[in-house]
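Following: one structure in structure tokens, then a few remarks.
We count residues from 1, following the sequence as given.
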Amino acid sequence: DVIVALLAGTLPEVAPVEGSQEHLAKLQKWMQSNEFGHLQGPHVLLLKAYLKQLTTHPRSDELYALVRQRLPRVSLGTVYRNLDRWQREGVVTEIYCGDFVRYDCNVSPHDHFLCRGCHRVWDFDRGHSAITAEVEVDLPGFRVEGHYTIFYGLCAACQGGSNSLS
């Protein structure tokens, strides 16, 4: 169990993720390091492990609940502070889904699909190249820093199930 290994003080092997070599190297360094003098207690290691393992693009409250199952004394503020710091460092991406934010450990260029029924998010790779941050915008005073696309609709389960919104 990855979590037991983390709590025992060992860093488990992580499953490979898709992305550029640069991002993969950054992610590996992030998983193993104590950068910028921040404490790397069990709560931070556990949060990193969950973010790396989950492909569900978890919300902060979902991550908090998972970490709290193993470490009941962790605070919600600890989860928020670390997610914010990692987003600023470029190792996680915030995906804005209306009234909630989900987190993605895969920061390589890819799109997402958001189901309006169950609110789950999936990676969706169309094989497109990244648009650079230097894209010119027709509005004076704006600077594009990045982009992502979210396709939305109903997943296969919600199309035929009781979650259908038709």
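With Ser60 as the fixed residue, the side chain to side chain contact (heavy atoms under 4.5 Å, CB included) test singles out one of Asp84, Leu83, Val101: Leu83.
To the nearest 0.5 angstrom, Leu47 atom CG is 9.5 Å from Leu66 atom CG. To the nearest 0.5 angstrom, His43 atom NE2 is 14.0 Å from Arg68 atom CZ. To the nearest 0.5 Å, atom OH of residue Tyr50 and atom CD of residue Gln69 are 6.0 Å apart. Going from atom CG of Leu114 over to atom OH of Tyr96 covers 15.0 Å, rounded to the nearest 0.5 Å. Separating the NZ atom in Lys48 from the CG atom in Leu63 is a distance of 14.0 Å, to the nearest 0.5 Å. Annotation: the span from Trp86 atom CH2 to Leu51 atom CG amounts to 6.0 Å, rounded to 0.5 Å.
Taking the side chain as every heavy atom from C-beta outward, Leu71 and Pro42 approach each other to under 4.5 Å. Asp123 is listed as a side-chain neighbour of Asp104, based on a closest heavy-atom distance under 4.5 Å. Counting heavy atoms from C-beta outward, Ser75 and Tyr80 have side chains that stay 4.5 Å or more apart. At least one side-chain heavy atom of His112 sits less than 4.5 Å from a side-chain heavy atom of Ile95. Annotation: side chain of Leu154 is in contact with side chain of Arg116 (closest heavy-atom distance under 4.5 Å). Looking only at side-chain heavy atoms (C-beta outward), Asn82 and Val44 come within less than 4.5 Å of each other.
A pairwise comparison of heavy atoms in Tyr103 and Val92 identifies CD2-CG2, 4.4 Å as the closest pair. For Cys155 against Trp122, the heavy-atom pair with the smallest separation is CB-CH2, 3.5 Å. For the residue pair Cys158 and Cys118, the shortest heavy atom distance occurs at SG-N, 3.5 Å.
Contacts classified as salt bridge (Lys or Arg N to Asp or Glu O under 4.0 Å) and involving residues 57-67 (residues at least two apart or in different chains) are given here: Arg59-Asp61, Arg59-Glu62, Glu62-Arg102.
For the side chain to side chain contact (heavy atoms under 4.5 Å, CB included) test, no residue two or more places apart in sequence or in another chain qualifies with Arg73.
In this pair, His119 and Phe100 present their aromatic rings perpendicular. The plane angle is above 60°, beyond the 30 to 60° band.
Aromatic ring centres of Phe124 and Phe151 lie closer together than 6.0 Å.
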